Amino acid sequence: MILLQAPFLNLQALLDGLMVGAIFAFVAYGMALVWGVMNIINIVQGEFVILGGYITFTFYKMGLSPFIGIPFSFLLLFCLGFLIYRTIIFRVVSRDMFISILATFGISIVVQQLMNIGFGSQVETANSGLGTSFLFDGNITLSHIKIFSFIVCLLGASAVIYFMKTSKLGRAIRATAQNARAARILGVDTEKVYCYTYAINAAICGLAGSLVAMTYTLHPYIGLPYTVRSFMIVIVAGLGNFPAVLASGLGLGTIEEFSAYTLGQEYRIGFVFLMLVLILVYRSRKLAKKREYLK
Amino acid sequence: MTKILEVTDVSKAYGGVKANEDISLSIDQGSIVGLIGPNGSGKTTLFNSIVGAHPIDKGSIKFNNEELSTLTVDQISRRGLLRTFQQTKIYGQMTCMMNMKISKKLTGKFSDMFQTIPKEVEEEAEQILSFVGLYQKRNLRAGELSFGQQKLLELAMALINAPKMLILDEPTAGINPTLINGIVDRLIKVNKKYNITLFVIEHNMRVIMNLAQKIYCMAYGRILAEGKPEEIKNDKKVIDAYLGAAH
Amino acid sequence: MFADFDKKELTGLAFLLFLGISTPYLFSGYRIQMAELFLFMVYASTWNIQGGKMGYNTFGNIVFFGVGMYVCASTQIAVAFPLGEWTAAGGYKTFVHTPQQYFLGIPLGILLAGIVPAIIALIIGSALLVLRGHYFAIGTLGLGIASGEFATSLEIIGGGQGMTVPFWPKVAGLPHTFLGGGVNFFFTLSFLLFLAVFFFLRWLYKTRFGLILTAIRDNEDKAESMGIPTMHYKVTGWVFSAFFMGIAGGIFGNINGYIEPTEVAFAGATVGVFMVLMTILGGKGTLWGPIIGAFIFQLFKEFFWTYFLGWQLVALGALIIGIIIFFPEGIMGMLRQKYPALFGEVVDEEARLAQVTINTDD
Ligand SMILES: Nc1ncnc2c1ncn2[C@@H]1O[C@H](COP(=O)(O)OP(=O)(O)O)[C@@H](O)[C@H]1O
Ligand SMILES: [Mg+2]
């Protein structure tokens, strides 16, 4: 009701939704990468995002511009991803998927708790210092950092796609995603491919996190919603199809903003999880009809 | 002769693929009937239609004069019409004995859920397992059995429900020659001793010629020919479509 | 009743009975930990119905725990006072239950704590149990967190602030520790709940129901194509888990004395994962695995809470990773590999190698 009476609120929600949706899509793209290549659902995805955010926030806290933090978030998370792969993930790659879900869940608890100890449990933001535009006589606000993060996400995703298409490693990653065994026979070092895939995904999360830190808020325990959003986007869009991932991400962002405007911000996270359940049930009902067990 | 199964004008399409078109056939009570035809000619599809595993597009299927096409798999199996699969379906992690116990149908009421499996079922299962030659393997995990042994287990799992009619999808495919003779012998015994009507898809011509009193041949989703084994063997259309010149 | 128990089971059960009966006298300093231990055994054993027996790895059983906790506490309060006023006023600091009110509320609350989650399981089960594999795992994870968020926004049960649970009553003329006091009372309830769950599951796994749960894990499509209504079995199994988890939640709320949505009731990241972990540690799909797992896990947990204070959750996360990576088959799985005969598994090489020959002259 409130939406019909207020066209500006509509426009505002749409705008905010698209801005935040780009970040969701970027993170989801990383999840799709790991899922498609390694057959792992990376539950620690959201914690990577938040940790990337805290790294940028640290620069801000030291009195520096948070923008300096962006490359550090990216690189440090790349290293962390590399390290986690070499210590833990490589042991669960070819195992039952539930094993990897639990293992990454375990990692997410560790990361979450370490962030809680290291950065405290208060809500933080790294103020970018960029201004805000007021459109339509101030009825619509648009902070410049949102535009900045929107563009960075699109650029970042394009860069990753370009890398996948042109570089040698990118081609090896795509070959492994198609058929790991065939790739191995053709001389692809799949172990290395897995390792870099995982690290690249972590770096994507780190970059997205630094944007989250400047645009939205940080808290040690809000990682899981990011994981769940990525998961939803990936099951709607499928693996390895970036335009679809982007479309789903923007769609999810918009739906979420609208729900937050109508139901109230406090229901936002609950709404995200409820949507997850609905999407899953809808999807499996569709699949159940097609199931083939008669031969 | 009374007819136990009558199929009239049954059609079934998967999207654009007409897997069965206007199939009509009838099977005498107590007989053994064969179904042959090239791969993809729609034999398995017909079996699925008969046991109610999928809805048919048109036609009627009568079992002991009762229309089946509106019943579910479970209801049909309770009426004594059971099947085995071309690709064996067993519970690989469970022992043969447990496979047998699960297959035994009880009353179909909700309270079945919480019954302990009666001792008689276990004894019955042991008898049937020894009938198909698997008694020694009763406590092995079914997944450890060879493919041929799994086929025998599937047969046993159907037999424990004392069916009136069994439809078997390629019972000897992938089985070594000595075991094939044993299976043929068991099938004849099932038919004679327990008076179970058999309807068998089979590619092994020697087996089906020995086994069946009547054979249907399918091609491209239709019945091409029907008749006694010798007639089928010498039928020009069947030779062209399926048997080839060698026979 | 114990006729069909073998020696191993009798020893195990005797040990647990000893713990249950002697704790109030011999280890009264550890009653809370011991109550928690028996509740852990309940969480793990009921999780095992889905995750172990049936192959449906759920993160959602915590929902029933949380709902049971709130339902029980709310009932206990509501038999005497308006719930909203209680939570608004900070609970037992303002309102005091008479012994009659208190002991009316407890059985009523615990009963409802079982029934309401069971009904919820019936409803959501029909929708969610169509999900397979990891989709079920993540779907139920979402459900757990959504429940926590929902509880946070419900003012009448205290929202994010949480609520207190009625206090053990004072009876004129009796010491405060009549009936052994609240701690003993709820310790005993936990122990009895564990026994009920144990005997129930032991019976259940011997029926056709238990057999079909295993069949679903093994090959659900086959079971369906044989005409077994798998959905009935899956949902019914979840209703059982929900019933017992709900009661466990009700008891735990009383032991804790204070309920809060995301870290006590719908604590997916702690209790929700613990139950999975304990079952895996002990051995999925067996009756005793979850019990052994819970026992060892509780030792670890107490150790961490004592020696890694502040870092205990980090240590637990690391423990999860360690167990998953190095011990996915659990203790029972390890024993089964080493001593298959203990599990009634035939290692008869002769049977394995025997040629199947069909005797044609009978
Ligand atoms: N579930 C299905 N969906 C689509 N097409 C199918 C399905 N099952 C069978 N078909 C098609 O129907 C035709 C008949 O198949 P089938 O009955 O299995 O043949 P047969 O058992 O005689 O080898 C084939 O062309 C096959 O590809
Ligand atoms: Mg076939």
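It should be emphasised that the depicted structure is a prediction, and the values quoted were computed from it without experimental measurement. Atoms considered below: every heavy atom in the structure, side chains included; atoms not considered: hydrogens, waters and symmetry mates. Sequence lines set the chain letters: A, B, ... in the order given, protein chains first and strands last, and positions in each chain run from 1.
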Q: Check whether Asp218(C) reaches the backbone of Gly92(B) with its side chain - one donor and one acceptor, N or O, closer than 3.5 Å.
A: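 Answer holds: yes.
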Q: Rounded to the nearest 0.5 Å, what separates atom NZ in Lys206(C) from atom CD1 in Ile117(B)?
A: 13.0 Å
Q: Taking only residues two or more places apart in sequence or in another chain, which ones pass side-chain hydrogen bond (donor to acceptor under 3.5 Å, both in side chains) with Glu66(B)?
A: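 Glu66(B) satisfies side-chain hydrogen bond (donor to acceptor under 3.5 Å, both in side chains) with Arg79(B) only.
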Q: Could you report the tightest heavy-atom contact between Ala223(C) and Tyr91(B), atom names first, then the distance?
A: CA-OH, 3.2 Å
Q: Taking all heavy atoms of Glu154(B) and all of Lys222(C), pick out the closest pair and write down the distance.
A: OE2-NZ, 3.9 Å
Q: Tell me, for Lys104(B) versus chain C, whether the close heavy atoms (under 4.5 Å) come from the side chain, the backbone, both or neither.
A: backbone
Q: Yes or no on side chain to side chain contact (heavy atoms under 4.5 Å, CB included) for Leu211(C) and Lys101(B), after CA distance, side-chain angles and deciding distance?
A: CA-CA 8 Å; Leu211(C) 206 57; Lys101(B) 284 184 190 167; 3.7 Å; yes
Q: Heavy-atom distances under 4.5 Å only: say whether Ser146(B) touches chain C with side chain, backbone, both or neither.
A: neither
Q: Quick one: which residues of residues 231-241 of chain C reach chain B at under 4.5 angstrom, heavy atoms only?
A: His232(C), Tyr233(C), Thr236(C), Phe240(C)
Q: Nearest 0.5 Å, what's the CG-CD1 distance between Asn219(C) and Ile102(B)?
A: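 Result: 10.0 Å between the selected atoms.
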Q: Tell me the closest heavy-atom pair linking Thr207(C) and Phe114(B), and the distance in Å.
A: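 Distance-wise, the nearest heavy atoms are CG2-O, 3.4 Å.
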Q: Would you check if Gln93(B) and Thr214(C) make a side-chain contact, meaning some heavy-atom pair closer than 4.5 Å?
A: no
Q: Would you find more than 12 non-hydrogen atoms of other residues, nucleotides or ligands less than 6.0 Å from Gln75(B) atom CD?
A: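 Yes.
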Q: With a 4.5 angstrom heavy-atom cut-off, which part of Ile90(B) approaches chain C: side chain, backbone, both or neither?
A: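 Just the backbone, heavy atoms under 4.5 Å.
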